[in-house]
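This report refers to the structure that appears directly beneath it.
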Amino acid sequence: MRVSPLPQFASDSVPQPRDVTRGRLARKLLPGGTEPDPRFTLANERTFLAWIRTSLAFLAGGIAIEAFANEIFLGPIREGLSTLMLLLGMSISAGAAVRWLSVERSMRDKAPLPLPLIVPVLGLGGALAAATIVFLILQN
Amino acid sequence: MSTHSDPGLQPERTVMAWGRTLLALVTVSTIYLRWLPAHGLPVLALISTAATAATCISATQNKRYRRGSQGVYAEQIRADVRGIFALSAAVLLLGAFSMIARLTF
């Protein structure tokens with residue numbers, strides 16, 4: 001028995017007149033759907049930027065901790081903390097871009113917004129770093 | 001320049017959000033200065049990466065506001081895919097360079 005193929009929606013691959021004003025990258029990464037309210041797109045952008053600033057704060061922490069005196073933080077622990085914070089900063093930065101794309105797509109498809117997975121990751125990672133620092137300070 | 005009618009001032013707030021990110025990048029490049037006396041010239045690569053990203057944001061602020069304002073007015077806006085991914089890549093690069101720098105110190 002021959003099964004008929006799924007209907008192809010024109011907006012999926014063929015550039016519509018409105019699409020022509022969008023960049024090629026936008027058309028490739030944000031295919032189909034309808035243009036969301038521009039204010040939602042701007043709000044999504046601002047959320048992304050807030051995450052990037054958080055990511056930069058972690059980078060700054062990872063750099064600055066190297067400058068702390070040896071009395072409080074021993075060498076290998078300092079290195080470990082520094083690496084942890086830099087990695088966390090990088091993860092948040094990558095995650096923020098993925099989140100932005102995911103939310104933008106959901107808005108175009110009028111689907112429910114995705115879960116903010118950065119939140120538990122950041123919460124756990126940040127708590128871990130903070131607990132380590134507190135432990136080290138109390139130890140001395 | 002078309003005036004938008006958004007009472008929530010979204011274009012303004014978005015431009016300011018980019019401005020705050022610019023300041024965060026400048027702060028990070030300043031913190032790299034802490035490494036300069038101990039590790040010398042290679043640190044300049046890190047400082048200039050952060051400073052370049054900040055400069056790019058600064059140079060595009062006016063265009064960003066115009067696009068946001070026109071977008072709200074026309075009820076359709078182009079998502080700034082390139083800007084978003086460029087910034088994310090820049091921060092990833094900064095993190096990676098920082099880790100490499102620390103390992104070679």
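Scope of the values below: all heavy atoms of this structure, side chains included, with no hydrogens, waters or symmetry mates. Order of the sequence lines fixes the chain letters, A, B, ..., with proteins taken first and strands second; residue numbering starts at 1 for each chain. Just so it is clear, the structure is predicted and the values come from calculations on it, not from any experiment.
- In this structure, no portion of A90(B) lies under 4.5 Å from any heavy atom of chain A.
- The side-chain heavy atoms of L87(B) and L49(A), taken from C-beta on, include a pair separated by under 4.5 Å.
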Criterion side-chain contact (heavy atoms from CB on, under 4.5 Å) on M16(B) and R46(A), from CA distance to verdict: CA-CA 9 Å; M16(B) 289 175 79; R46(A) 287 197 303 278; over 6 Å; no
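- Separating the CG atom in L86(A) from the OG atom in S98(B) is a distance of 5.5 Å, to the nearest 0.5 Å.
- Transitive grouping of hydrophobic side chains (ILVMFWY, heavy atoms separated by less than 4.5 Å) keeps V103(A) and V98(A) in distinct clusters.
- Cluster annotation: I65(A) and L138(A) are assigned to distinct hydrophobic clusters (Ile/Leu/Val/Met/Phe/Trp/Tyr, side-chain heavy-atom contacts under 4.5 Å, transitive).
- The candidate with the highest count of non-hydrogen atom pairs below 4.5 Å against chain A, out of T14(B), T30(B), V81(B), is T14(B).
- In terms of heavy atoms, R39(A) sits closest to Q10(B) at O-OE1, 3.0 Å.
- In terms of heavy atoms, L56(A) sits closest to V28(B) at O-CG2, 3.7 Å.
- Of the candidates I84(B), D80(B), T21(B), F48(A) forms a side chain to side chain contact (heavy atoms under 4.5 Å, CB included) with just one, namely I84(B).
- By the rule that hydrophobic residues join a cluster once side-chain heavy atoms approach within less than 4.5 Å of another member, V119(A) and L113(A) end up as members of separate clusters.
- Looking at M90(A) and M99(B), their side chains come closer than 4.5 Å, going by heavy atoms from C-beta outward.
- With a 6.0 Å radius and a threshold of 12 heavy atoms from other residues, nucleotides or ligands, N62(B) has its CG atom at or below the threshold.
- The cluster map of Ile, Leu, Val, Met, Phe, Trp and Tyr, joined by side-chain heavy atoms under 4.5 Å apart, puts I57(B) and L46(B) in the same cluster.
- Heavy atoms closer than 4.5 Å to chain A are found nowhere in L23(B), neither backbone nor side chain.
- Pairing each heavy atom of L29(A) with each of F85(B), the nearest pair is CD1-CE1, 4.1 Å.
- Between chain B and the options I52(A), L101(A), N44(A), D37(A), heavy-atom pairs under 4.5 Å are most frequent for I52(A).
- Interface remark: of the candidates G68(B), A50(B), A96(B), A96(B) forms the most heavy-atom pairs closer than 4.5 Å to chain A.
- Heavy atoms closer than 4.5 Å to chain B are found in both the backbone and the side chain of L42(A).
- Donor-acceptor pairing under 3.5 Å is recorded for the side chains of R102(B) and T83(A).
- The CD1 atom of I63(A) sits 3.5 Å away from atom OH of Y32(B), with the distance rounded to the nearest 0.5 Å.
- Looking at A43(A), the atoms closer than 4.5 Å to chain B (heavy atoms on both sides) sit in the backbone and in the side chain alike.
- If you chain together hydrophobic residues whose side chains sit under 4.5 Å apart, L33(B) and L94(B) fall into the same group.
- Rounding to the nearest 0.5 Å places CD of E79(A) at 8.0 Å from CG of L103(B).
- Side chain of S93(A) to main chain of V91(B): no donor-acceptor pair is present (N/O by atom type, distance under 3.5 Å, no hydrogens or angles).
- Heavy-atom minimum distance, L59(A) versus G95(B): CD2-CA, 3.7 Å.
- No part of A96(A) comes within reach of chain B, as not one of its non-hydrogen atoms sits under 4.5 angstrom from that chain.
- For the options S55(A), A97(A), S82(A), G89(A), heavy-atom pairs under 4.5 Å to chain B are most numerous at S82(A).
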